[in-house]
2 protein chains.
Amino acid sequence: MSPAQLNGSCRLGKEVCIDCKVRFMSICSALEAHELPEFDVLIQRANFAPRAALFAQDQPADAVYNLTEGVVRLYKLLPDGRRQIIGFALPGDFLGLAMAERYGFSADAVDTVSACRLAREEFAHYLDAKPHLLRRLHEYTTHELSLAQDQMVLLGRRNAEEKVATFLVNWRDRWARLTGKAVTVPLPMSRQDIADFLGLTIETVSRTFSRLGKDKTILIVPDGIRVLDPQRMERLAAA
Amino acid sequence: MSPAQLNGSCRLGKEVCIDCKVRFMSICSALEAHELPEFDVLIQRANFAPRAALFAQDQPADAVYNLTEGVVRLYKLLPDGRRQIIGFALPGDFLGLAMAERYGFSADAVDTVSACRLAREEFAHYLDAKPHLLRRLHEYTTHELSLAQDQMVLLGRRNAEEKVATFLVNWRDRWARLTGKAVTVPLPMSRQDIADFLGLTIETVSRTFSRLGKDKTILIVPDGIRVLDPQRMERLAAA
DNA sequence: ACCGCTTGATGATATAGATCAAAGCCGTCG
DNA sequence: CGACGGCTTTGATCTATATCATCAAGCGGT
């Protein structure tokens, strides 16, 4: 189904996929390196071209993914095709952690994406034997829930300008945490993606960018945006 | 701060607060009764009058609550007073599980509320010693996250009629799971609460109820609503 | 029975954002 | 090179929902 290209694989704690291991560890700092060899968890490296699906809503949830490269959009569709993007995943993020029989949303690659793929069953067993990892994962899920609640406020009670500003500020901060402060923050997703994330139309997003540009609040450059007036941006995105 | 009335308390596994224990167990069915006495967790019984606050956003998060009676609204406020209700809690639900230093939202009683109050520190330690309980809690949080994602779709992409219908269907189902199928589903929260949950105004909620009433889709009675045309309701609330 | 207060329903009007339409801007492919 | 197709921007309307204003009903207190 998915046009993914799987290459390389390793067992957690048995070298080979150093990158997977490092990423895995970064989430689960409670586990020391010497603890890992106790268990075998098959990790596959999966690569995805732009627009390729990692998985789709209602498919059997076979696997858990840990992103290592690229940006993934997570979304739900209504029967008539209306789309709500519920989040963008960046390297380090986990996907498909719900541990339900089927995925609750679809995930596809915005740009070129690499991820570590862990079989759900195997991962669940590993988890049973590693309460520290479960604790870390619970904290992660709890954080996701808190972000989801912020997004509810945004979708329910903020106007277009506030929505766009809040999105830009949050995205800029996440990007900075990942790559260090950059002057220009890239926006790899399309305007349609941003619109579907913010509960707006593409036209409203475009106009709002333009207005913020004319205001000298931001500067739109070909490969992203620059925040010129952080004060005003923070004010629009406040609380 | 809170006008709560604390009465009675018990230690988990040392009789007294049978109700707390039963509720606690219902969440954590993986723990057998004979496992409980191993640990002491102080549980206080807290009662709240209608409109009383259980806790407020940004307060130090001292405690975890497990609702035993009544309905609680959970909400976030923007600096200018706009409110988004992020959920309604019913008996059995946990509040303040985020385990952050401060509460991420406010919670107050819609009607008369009773809850079991567990000190956060103590609960966290208990959790460390009980991986099964942590697992249950992780499943619970994961379910909450999934509901939050559904709510994002509702807020971002559904119109007023769909929002109201979806709310009624979901509320009816939750109520039924708790009390068994009832002809009339009570709506203990105000129209303003419903509006702030659905990202609408009180007037739009009121008009939408009226229209669904004129349609014979629902029947509005003094103490709640009756669904007359489940087909149409399900269609409006679909996916 | 009357008052003051709150909540909900409904009508009139305003507006933010949606929808519809067209035109610019690249990248790419023949 | 030029034509094509996907995005994005911009402009002109339209409309769903917000806003504002009444009004009626319920309710507790006197």
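Naming convention: chains lettered A, B, ... in sequence-line order (proteins, then strands); numbering from 1 in each chain.
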Under 4.0 angstrom between Thr204(A) side-chain N/O and dG17(C) OP1 or OP2:
no
Once you round it to whole Å, what is the distance between C1' of dA9(C) and CZ of Arg211(B)?
12 Å
I need the single residue from Leu198(A), Asp193(A), Ile194(A) that forms a side chain to side chain contact (heavy atoms under 4.5 Å, CB included) with Ile85(A). Which is it?
Asp193(A)
When rounded to whole Å, the CG to P distance for the pair Leu212(A) and dT9(D) reads 12 Å
Students often mix this up, so state it plainly: with edges at 30° and 60°, are the rings of Phe88(B) and Phe167(B) parallel, tilted or perpendicular?
tilted
Contacts of Ser106(A) meeting side-chain contact (heavy atoms from CB on, under 4.5 Å) (sequence neighbours excluded), chain-then-number -> Ala56(A), Gln57(A), Tyr75(A)
Those residues of residues 189-202 of chain A lying under 4.0 Å from DNA chain C by at least one heavy atom
Gly199(A), Leu200(A), Thr201(A)
Could you state the atom-to-atom distance from CZ of Arg158(B) to C1' of dT17(D) in whole Å?
18 Å
Are the charged groups of Glu69(A) and Arg45(A) less than 4.0 angstrom apart, N to O?
no
Lys/Arg N to Asp/Glu carboxylate O, Asp229(A) vs Lys216(A), below 4.0 Å:
no
Tell me the interatomic distance from Arg82(B), atom CZ, to dA18(D), atom C1', rounded to whole angstroms.
13 Å
What's touching nucleotides 11-16 of chain D from the protein side, N or O pairs under 3.5 Å?
from	atom 1	to	atom 2	distance (Å)
dG11(D)	N7	Arg207(A)	NH1	2.9
dG11(D)	O6	Arg207(A)	NH2	3.2
dA12(D)	N6	Arg207(A)	NH2	3.2

So that I can tick it off, tell me whether Arg232(A) and Glu162(A) are bridged by a salt bridge, with the cut-off set at under 4.0 angstrom between side-chain N and carboxylate O.
no
For Asp223(A) and dC7(D), give me the distance from atom CG to atom C1', rounded to whole Å.
16 Å
Sidechain N-carboxylate O distance under 4.0 Å for Arg207(A), Glu161(A):
no
For Ser206(B), answer base if it contacts any base atom (sugar-phosphate contacts may also be present), sugar-phosphate if it contacts only those atoms, and nothing otherwise; contact means non-hydrogen atoms under 4.0 Å.
base
Any salt bridge between Asp196(B) and Arg82(B), counting N to O under 4.0 Å?
no
